[in-house]
2 protein chains.
Amino acid sequence: MKAEIIAVGTELLLGQIVNTNAQYLSQGLANLGIDVYYQTVVGDNAARLQQAIETARSRADLLIFTGGLGPTQDDLTKDALAELLGRKLVMHEPSMAKIEKLFSSRGMHMVESNRRQALMVEGAEALDNETGLAVGNALTADDKHYLLLPGPPREMKPMFDGPASDWLRRISGRTNALYSRILRFSGIGESSLEAALLPLIEGQSDPTIAPYAKEGEVAIRLSTKGVNEAEAYARIDGMVKQIEALVGQYLYAKEDIPIEQAVVNQLRNSAQTVATAESCTGGLLAELLTSVVGSSGAFGGGVITYTNAMKHTLLGIPLGQLEGEGAPGAISESTAALMAERIMETAGADFGVSITGVAGPSSSEGKPVGLVYVAIAAKGLDTEVHELQLSGNRGVIRLRAVKSALFRLWKRMSGI
Amino acid sequence: MKAEIIAVGTELLLGQIVNTNAQYLSQGLANLGIDVYYQTVVGDNAARLQQAIETARSRADLLIFTGGLGPTQDDLTKDALAELLGRKLVMHEPSMAKIEKLFSSRGMHMVESNRRQALMVEGAEALDNETGLAVGNALTADDKHYLLLPGPPREMKPMFDGPASDWLRRISGRTNALYSRILRFSGIGESSLEAALLPLIEGQSDPTIAPYAKEGEVAIRLSTKGVNEAEAYARIDGMVKQIEALVGQYLYAKEDIPIEQAVVNQLRNSAQTVATAESCTGGLLAELLTSVVGSSGAFGGGVITYTNAMKHTLLGIPLGQLEGEGAPGAISESTAALMAERIMETAGADFGVSITGVAGPSSSEGKPVGLVYVAIAAKGLDTEVHELQLSGNRGVIRLRAVKSALFRLWKRMSGI
């Protein structure tokens, strides 16, 4: 099955946003064993959109659209496709009910255009939108398949991963084709991981080994095709053992979960808690921990002490430690250790994690951008402090510092 | 002049990289007053690449390629285009000399395939590659224009900004550039904003008005073409006034900045500071504020009090307020107010912002998912508390709560 991805939106043609949807869908389709031959971007213009559809169906079996399902007059994807297929748009009542309920629960007046989000191309299957109002459409007509997804990534991703992938497996007949397992690593870069695994990758045939980077961490996908699930996973498990022998010290999960989820799982399993004290990461560490459902049992809270005054007020760190001639300063091993210990004590937690450093763009205390100290305090034990030299822009340094802190905490808890 | 951008590379179709080149080129072409009607991605396959070229020249005057100029057998862009045009590939001697010099200066053996990077489509103009070896090609044939740029962004960008833009100005003969301004709104949805502006949008000709959603907020793009910058912006400013009359209460910036940037700007301009106390948003409010470069002058710090015990320990909120028969509870108007006031006092800040609520997936204190209280405390003034009913999944509710808190703070500071 040959697929073409069509992103609809003038903002893409003007370069106001980058087409990350195409990448996400391409990866997802590769996982489903569906080949993508073209990606196309077209603006919010009915004639050019229809021309793009004509071109795509002359060279692909499956057309996947993102964007143009919203409420405004610019949102034309369903209208354009329906007209080309000679079909009507029909109201999807459950979606309409959801929209009406939302507006009435908020006591807001629903403008008429919102009804457009509940329309479907006649004959299409509705795909539920978990995180938004526009209903997805999945349709087969004249041997061509059409999948209409919303444009905003936070709506598109759950719809693609959920109901759209189920539909794609059904139409591509690939229900049992591919077995795979994800291994997740932290504390090692993608290229170093690939280099360490090179003997396995070069000799690989089955299962295949595909490393890829994932939001500040690295993952490996092991895949094998087979008719028999038990046999497929036996082959995968054999490969996992070989990989563990080479890079086991960086492997934190044999499933597709981020390090913050692994940390929360570990804390909950051992009925322990952590508290956080952040400077340069400004709350990102706490934010990632609390993004995990059920984190309240493992994380009580923390502080963001962005200035020296706040390090003194909220954590009781002496100003003489932070400022003045010969003081270690805010960005130092000893301040990191104090921050972790004080928040652990204040919160009555089993672990305290702190991050202090220079996220950039300019240096601070005469210390270079990318210098970050991470401390892990543990009740009744010595505090560990790690000095990191991170590269990247401000956002990247903050993310890497937080991921590294989470991995150090996970290692300390796991005794690895 | 209508342009189409064609990115060549199987790694794009597999989702291994994201097509940032298309965004960069689209922005650059808009600045040159050249309309982009389509972006296409095709793999390293001669037949499909030629098919993409055929399609593109049936609907565009200018084809801009990125990728496929390198040394390997996979790099096919010049070969495919030359064959379609019935032209030969010829050696560009200055580029060849540059390649030979590089290899000999490094004492490296030059493999034969490197010569391919100095080849040109017969009749093309050479575009110097400041940061790499593959020479760019610019060519006009049968009234169609072809611009061949390298794929790696660090080679593509300087070539586009330099010699390619000179060539584009020459062939387009247009100084008729596109002028645009972005207006950013908060506290209103995309569809409500469009409904409010419908009289303007329906009557619009020049400037055009295009609303779009952007990470929890809404933006409008006003665009006009003109030979004269002053005249173009005078037209845009006139439209801005009409828009302000309709929805001015939601407009927080006349430039493309997120609400957290507007808040930090406002605080710095008035030499004031804010401190934060978060429950259900777990640090996201502080994280967004500190993502702004220069936020340390405006934000000293904050606390994440995820549990009642931490609300008591870090903010001194009486446990009787939070727990027990008849207590308002953690998710209440009065607790939100206390959190904002206490963190403002503790931090010695001018403003205190708090968020407490139910991000889900399950209800808490018997209160429904999506119920969130935001409080804005201001030194010497009454504390404002807003009750929000938010929809979406856990991540969406958290983001909306934080964006709403930032907007309420911005409004309070602005006296709107």
Side-chain angles (χ1 to χ4, degrees), chain A residues 10-15 18-20 22-24 26-27 30 36-43 48 51-52 55 59 70-72 74 102 105-106 111 113-114 130-131 152 154 282-284 286-287 289-291 293 296 299-307 309-310 313-314 346-347 361 394-395, chain B residues 12-15 18-20 22-24 26-27 30 36-43 48 51-52 55 59 190-192 194-195 201 210-213 221 282-284 286-287 289-291 293 296 299-307 309-310 313-314 346-347 361 389 391-396:
Chain A
T10 301
E11 65 275 23
L12 289 160
L13 294 182
L14 288 170
V18 65
N19 190 7
T20 55
Q23 180 186 32
Y24 192 85
S26 289
Q27 285 179 345
V36 177
Y37 276 17
Y38 296 92
Q39 296 167 356
T40 298
V41 176
V42 61
R48 288 195 285 278
Q51 208 236 310
T55 301
R59 61 193 185 185
T72 78
D74 270 359
L102 175 88
S105 78
R106 291 198 197 163
V111 295
S113 60
N114 276 297
E130 264 181 46
T131 50
R154 66 179 181 76
L284 182 59
E287 201 274 310
L289 281 168
T290 59
S291 71
V293 171
S296 59
F299 174 77
V303 294
I304 300 125
T305 55
Y306 214 50
T307 55
M310 290 295 272
T313 306
L314 289 177
T346 302
R394 181 178 173 88
Chain B
L12 289 160
L13 293 182
L14 288 170
V18 65
N19 190 7
T20 55
Q23 180 185 31
Y24 191 85
S26 290
Q27 284 178 345
V36 177
Y37 276 19
Y38 296 92
Q39 297 167 355
T40 298
V41 176
V42 59
R48 288 195 285 276
Q51 208 237 309
T55 301
R59 62 192 184 185
E190 188 187 2
S191 52
S192 304
E194 196 191 19
I201 292 172
Y212 59 101
R221 184 181 54 250
L284 182 60
E287 202 273 311
L289 282 168
T290 59
S291 71
V293 171
S296 60
F299 174 76
V303 294
I304 300 124
T305 53
Y306 214 52
T307 55
M310 289 296 271
T313 306
L314 289 177
T346 303
Q389 314 274 354
S391 59
N393 67 18
R394 181 179 173 88
V396 172

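Not measured: the values here are computed from a predicted model.
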Set of residues satisfying side-chain contact (heavy atoms from CB on, under 4.5 Å) with respect to B:T55, sequence neighbours excluded: A:T55, A:R59, B:Q51, B:R59
Heavy-atom side-chain proximity of B:I304 to A:I304 below 4.5 angstrom: yes
Chain A contact via B:L13 - side chain, backbone, both or neither, heavy atoms under 4.5 Å: both
Under 3.5 Å: donor-acceptor pair, side chain of A:T131, backbone of A:R154: yes
Part of B:R394 within contact of chain A (heavy atom distance under 4.5 Å): side chain
B:T346 portion near chain A, given a 4.5 angstrom heavy-atom threshold: both
Contacting moiety of A:N19, where chain B heavy atoms sit under 4.5 Å: backbone
Which of B:S291, B:G301, B:G392, B:G300 touches chain A most, by non-hydrogen pairs under 4.5 Å: B:G300
Which atoms of A:A347 approach chain B - backbone, side chain, both or neither, heavy atom under 4.5 Å: both
Close side-chain approach of B:E190 and B:E194, heavy atoms under 4.5 Å: no
Max heavy-atom pair count under 4.5 Å with chain A, selected residue of B:F299, B:Y306, B:Y24: B:Y306
Modelled atom types, side-chain donor and acceptor of B:S26 and B:Q39, under 3.5 Å: yes
Residue part contacting chain B, namely of A:T313, when any heavy atom lies under 4.5 Å: side chain
Contacting moiety of B:V293, where chain A heavy atoms sit under 4.5 Å: both
Chain A contacts, top residue of B:A195, B:S391, B:G43 (heavy-atom pairs, under 4.5 Å): B:S391
Most chain A-contacting option - heavy-atom pairs closer than 4.5 Å, from B:P361, B:G282, B:G283: B:G282
Among A:T10, A:V18, A:V303, residue most engaged with chain B (heavy-atom pairs, under 4.5 Å): A:V18
Over all atoms of both residues, closest heavy-atom pair of A:V111 and B:S191: CG2-O, 4.0 Å
Top contributor to chain A interface from B:V36, B:L289, B:T305 [non-hydrogen pairs under 4.5 Å]: B:V36
Contacting moiety of A:T40, where chain B heavy atoms sit under 4.5 Å: both
Atom group of A:L102 that falls short of 4.5 Å from chain B, counting heavy atoms: side chain
Non-hydrogen atoms of A:V41 and A:L12 that approach each other most closely: CG1-CB, 3.6 Å
Toward chain B, the part of A:R48 with a non-hydrogen atom under 4.5 Å: both
